[in-house]
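Keep in mind that the numbers below use all heavy atoms, side chains included, and drop hydrogens, waters and symmetry copies. Residues: numbered from 1 along the sequence shown. Everything numeric in this text was worked out from a predicted model, so none of it was measured.
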Amino acid sequence: MLMAVPFGYAEEAEMPYEGEWVEFEDTLTVYLPSELADVEISEELQEGGVYYIGANADSTRVMQFAWVATETEETNETLLAQAQEQYGENAGTMEINGLEYVYYVDEANDLCTFMYVDPGFLGVYSFTIKPASDDEFATMFGSVLATVEYPEAAE
């Protein structure tokens with residue numbers, strides 16, 4: 001069974017949530033929901049590339065952003081093949097604002113992750129929510145992804 005995937009995302013002008021623009025140094029700018037408060041990130045998670053974790057007041061909704069360096073240039077095809085190998089039909093691609101993301105749903109852990117190959121550096125952005133089974137949160141997540149502004153590719 002495929003859990004919630006944020007197929008219905010809103011344009012910025014009609015955002016389904018209150019929020020604010022946040023610029024992450026050297027990574028991206030995004031319109032984050034006000035209901036999510038910053039969570040302290042452990043050193044171990046930081047070393048793994050995590051640069052944002054936000055959770056609602058009772059921590060039942062969590063959103064995490066990461067950027068992971070890669071040794072070789074990744075493509076959506078290689079990311080998709082890896083995701084499909086592990087998650088089967090719960091992996092695929094989706095276009096959001098003209099950018100193609102690879103996603104997978106991990107039913108066992110009730111999470112959904114979207115990945116985007118960094119066009120300027122050897123690395124991959126990943127955006128994860130938990131719980132993936134929360135349709136309202138998944139739709140919000142899709143709207144968040146629609147607001148992401150990536151830095152310019154390196155010359």
Side-chain angles (χ1 to χ4, degrees), residues 1-24 27-42 44-46 48-68 70 74-119 123-151:
M1 174 177 116
L2 184 63
M3 298 175 108
V5 176
F7 288 106
Y9 59 89
E11 295 298 321
E12 179 184 340
E14 53 185 79
M15 294 305 292
Y17 61 89
E18 294 290 321
E20 66 178 305
W21 284 100
V22 176
E23 183 175 350
F24 295 98
T27 55
L28 52 83
T29 302
V30 63
Y31 191 70
L32 289 175
S34 298
E35 83 169 59
L36 302 179
D38 291 356
V39 174
E40 187 173 342
I41 302 170
S42 71
E44 180 181 8
L45 286 175
Q46 287 177 18
V50 175
Y51 60 88
Y52 170 77
I53 299 175
N56 64 350
D58 59 3
S59 295
T60 57
R61 290 179 165 179
V62 179
M63 194 174 294
Q64 173 182 298
F65 300 165
W67 184 88
V68 178
T70 57
E74 292 291 337
T75 66
N76 278 354
E77 291 77 21
T78 58
L79 290 177
L80 179 59
Q82 293 166 2
Q84 286 177 329
E85 184 176 317
Q86 186 162 0
Y87 301 102
E89 65 183 36
N90 287 345
T93 61
M94 181 181 300
E95 186 175 307
I96 300 175
N97 286 348
L99 301 174
E100 187 171 294
Y101 288 82
V102 172
Y103 73 86
Y104 64 85
V105 177
D106 179 343
E107 290 180 338
N109 294 301
D110 197 12
L111 60 83
C112 177
T113 296
F114 273 66
M115 299 174 286
Y116 177 71
V117 175
D118 188 332
V124 175
Y125 290 98
S126 69
F127 308 91
T128 303
I129 61 163
K130 183 176 177 85
S133 57
D134 180 336
D135 290 338
E136 181 182 335
F137 192 45
T139 299
M140 179 190 296
F141 180 53
S143 296
V144 168
L145 289 176
T147 70
V148 174
E149 296 174 0
Y150 294 95

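- Under the rule for a side-chain hydrogen bond (donor to acceptor under 3.5 Å, both in side chains), the partners of Thr78 that lie at least two apart in sequence or sit in another chain are Glu74, Thr75.
- Listed by chain and number, the residues in a side-chain hydrogen bond (donor to acceptor under 3.5 Å, both in side chains) with Glu35 are Arg61 (sequence neighbours excluded).
- Residues passing the side-chain hydrogen bond (donor to acceptor under 3.5 Å, both in side chains) test with Tyr116, sequence neighbours excluded: none.
- Judged by distance alone, with hydrogens and angles left aside, the side-chain atoms of Asp110 form a donor-acceptor pair with the main-chain N or O of Ala132 at under 3.5 Å.
- With sequence neighbours excluded, no residue satisfies side-chain hydrogen bond (donor to acceptor under 3.5 Å, both in side chains) with Ser42.
- Considering only heavy atoms from C-beta on, Val124 stays 4.5 Å or farther from Trp67 through its side chain.
- Among pairs with a residue in residues 78-88, none fulfils salt bridge (Lys or Arg N to Asp or Glu O under 4.0 Å), at least two apart in sequence or across chains.
- For Tyr51, the ring pair (Phe, Tyr, Trp, His ring centres under 6.0 Å) partners two or more places apart in sequence, or in a different chain, are Phe24.
- For the pair Val144/Tyr31, no side-chain contact is recorded, criterion being any heavy-atom separation below 4.5 Å from C-beta on.
- The CG atom of Asn56 sits 6.5 Å away from the CG atom of Leu36 when rounded to the nearest 0.5 Å.
- Residues Met94 and Ile96 are in side-chain contact: their nearest non-hydrogen atoms beyond the backbone lie under 4.5 Å apart.
- Between Ile53 and Val62, some side-chain heavy-atom pair lies under the 4.5 Å cut-off.
- Summarising the geometry, atom OH belonging to Tyr17 is positioned 10.5 Å from atom CZ belonging to Phe137; distances are rounded to the nearest 0.5 Å.
- Of the N and O atoms on the side chains of Asp135 and Thr139, not one donor lies less than 3.5 Å from an acceptor on the other residue.
- Note: Tyr104 and Phe114 fail the aromatic proximity criterion, with ring centroids not under 6.0 Å apart.
- Shown here are the side chain to side chain contact (heavy atoms under 4.5 Å, CB included) partners of Ser126, two or more places apart in sequence or in another chain: Ala66, Thr113, Met115.
- From Leu145, atom CG reaches atom CG of Asn97 across 9.5 Å, with rounding to the nearest 0.5 Å.
- A search for side chain to side chain contact (heavy atoms under 4.5 Å, CB included) contacts involving Gln84 returns Leu80, Ala91, not counting sequence neighbours.
- With sequence neighbours excluded, the residues satisfying side chain to side chain contact (heavy atoms under 4.5 Å, CB included) with Gln46 are Ile41.
- Checking each of Val22, Thr147, Val148 against Leu28 for a side chain to side chain contact (heavy atoms under 4.5 Å, CB included) leaves exactly one that passes, namely Val148.
- With values rounded to the nearest 0.5 angstrom, Met63 atom CE is found 13.0 Å from Leu111 atom CG.
- The closest side-chain heavy-atom distance from Tyr103 to Asn90 is not below 4.5 Å.
- Within the structure, the salt bridge (Lys or Arg N to Asp or Glu O under 4.0 Å) test picks out no pair touching residues 138-148 (sequence neighbours left out).
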Query - From CA spacing to verdict: side-chain contact (heavy atoms from CB on, under 4.5 Å), Val50, Gln64 - result: CA-CA 7 Å; Val50 175; Gln64 173 182 298; 3.5 Å; yes
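- Each of Tyr150, Phe65, Tyr101 was checked for a ring-ring contact (aromatic ring centres under 6.0 Å, His included) with Tyr125, and the lone residue meeting it is Tyr150.
- Among residues two or more places apart in sequence or in another chain, the side chain to side chain contact (heavy atoms under 4.5 Å, CB included) test is passed with Asn76 by Leu79, Glu100, Val102, Val117.
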